Amino acid sequence: DAKTTQPNSMESNEEEPVHLPCNHSTISGTDYIHWYRQLPSQGPEYVIHGLTSNVNNRMASLAIAEDRKSSTLILHRATLRDAAVYYCILMYSGGGADGLTFGKGTHLIIQP
Amino acid sequence: DSGVTQTPKHLITATGQRVTLRCSPRSGDLSVYWYQQSLDQGLQFLIHYYNGEERAKGNILERFSAQQFPDLHSELNLSSLELGDSALYFCASSVGVGLAGETQYFGPGTRLLVL
């Protein structure tokens, strides 16, 4: 599986936008980019995913670079509840059975 | 609430023992995945079942086994337990066979402590 690189931690203020970067320079043309997050003492939670185009949902936006070698998860207005570890994961569409490969993720700290 | 349930929430046992963890997927989901989360290894994929059949294995030890029953619930069996097996065990489910565009929904986990 292609690997992703994320900052270990980031800090932001409540009610401000947050941009969480992810580098995936060895991504293949058929890899999907998924983001999950894990709040303290909970199981991972799906946030968003995309293939080539930018994506929006009620939780966040995903901006994918034109060359697909990087992506950014955007939380438009962070709340204290968004404090979590955020994982950027690539899934190869030619596979289909393997589980998610979690890295260390980015620990997002939200200051009130 | 993801709709995935796991029991028990907590489990304390001794080395050498055997335990069974149970997972019920979301209604309509055919795939079940098991993950282990420990402090030193992070979140690791163990095994995937789709509609009763094993589809993929990850970093699952030979002492561990799993199955998915006709009603689609799944059990993860851990035997000859060692101190290092102490971890959080998560189950996830997805609607189909596990294609790259599918979302996985995670349960709240079972915390296993081996003494």
Side-chain angles (χ1 to χ4, degrees), chain A residues 1-6 8-9 24 27-53 55 57-60 62 64 68 71 81 84-107, chain B residues 1-6 9-10 23 25-26 29-51 53-60 66 74 76 87-111:
Chain A
D1 287 335
K3 294 199 172 181
T4 63
T5 304
Q6 300 177 252
N8 288 335
S9 66
H24 28 78
I27 191 170
S28 76
T30 52
D31 282 343
Y32 278 78
I33 303 161
H34 286 250
W35 284 82
Y36 282 76
R37 71 180 185 181
Q38 188 172 20
L39 279 64
S41 302
Q42 294 189 28
E45 174 187 34
Y46 168 79
V47 178
I48 200 166
H49 78 276
L51 183 60
T52 56
S53 304
V55 184
N57 66 21
R58 63 174 181 81
M59 286 181 72
L62 176 60
I64 301 172
R68 301 209 327 125
S71 61
R81 198 198 169 275
V85 179
Y86 286 77
Y87 298 97
C88 170
I89 300 165
L90 300 182
M91 286 198 77
Y92 170 52
S93 66
D98 291 347
L100 299 169
T101 300
F102 288 85
K104 295 195 184 300
T106 295
H107 184 199
Chain B
D1 183 357
S2 66
V4 178
T5 60
Q6 291 187 247
K9 285 186 179 175
H10 303 277
C23 168
R26 289 188 329 151
D29 283 0
L30 297 178
S31 273
V32 169
Y33 309 78
W34 286 98
Y35 293 84
Q36 179 194 57
Q37 185 170 34
S38 61
L39 281 174
D40 53 345
Q41 297 288 333
L43 259 164
Q44 291 199 93
F45 164 65
L46 295 179
I47 197 163
H48 168 207
Y49 275 82
Y50 170 72
N51 204 21
E53 301 215 350
E54 182 185 302
R55 288 283 298 183
K57 273 186 172 179
N59 298 317
I60 189 165
S74 177
L76 179 67
L88 267 168
Y89 291 84
F90 291 105
C91 159
S93 71
S94 70
V95 64
V97 73
L99 297 178
E102 278 181 36
T103 296
Q104 291 188 22
Y105 297 89
F106 284 77
T110 293
R111 185 175 293 277

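Small disclaimer: the values here were computed from a predicted structure and weren't measured. Basis for what follows: all heavy atoms, side chains included, without hydrogens, waters or symmetry-related copies. So you know, we letter chains A, B, ... as the sequences are listed, proteins then strands, and number each from 1.
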Go through the atoms of [X] and report whether side chain, backbone, both or neither lie under 4.5 Å from a heavy atom of chain A.
X: S2(B); value: neither
X: Y35(B); value: side chain
X: Q37(B); value: side chain

Below 4.5 Å, heavy-atom pairs only: which of L43(B), V4(B), L88(B) has the largest tally toward chain A?
L43(B)

Chain A: which of F90(B), W34(B), Y50(B) shares the most heavy-atom pairs with it under 4.5 Å?
F90(B)

My understanding is that only residues two or more places apart in sequence, or in another chain, count here; which of them pass side-chain hydrogen bond (donor to acceptor under 3.5 Å, both in side chains) with Y46(A)?
H49(A)

State the OH-CD distance between Y32(A) and E102(B), to the nearest 0.5 angstrom.
10.5 Å

Is the count of non-hydrogen atoms from other residues, nucleotides or ligands lying under 6.0 Å from R111(B) atom CZ greater than 12?
no

Derivation and outcome, side-chain contact (heavy atoms from CB on, under 4.5 Å), residues Q104(B) and Y36(A):
CA-CA 9 Å; Q104(B) 291 188 22; Y36(A) 282 76; 3.6 Å; yes

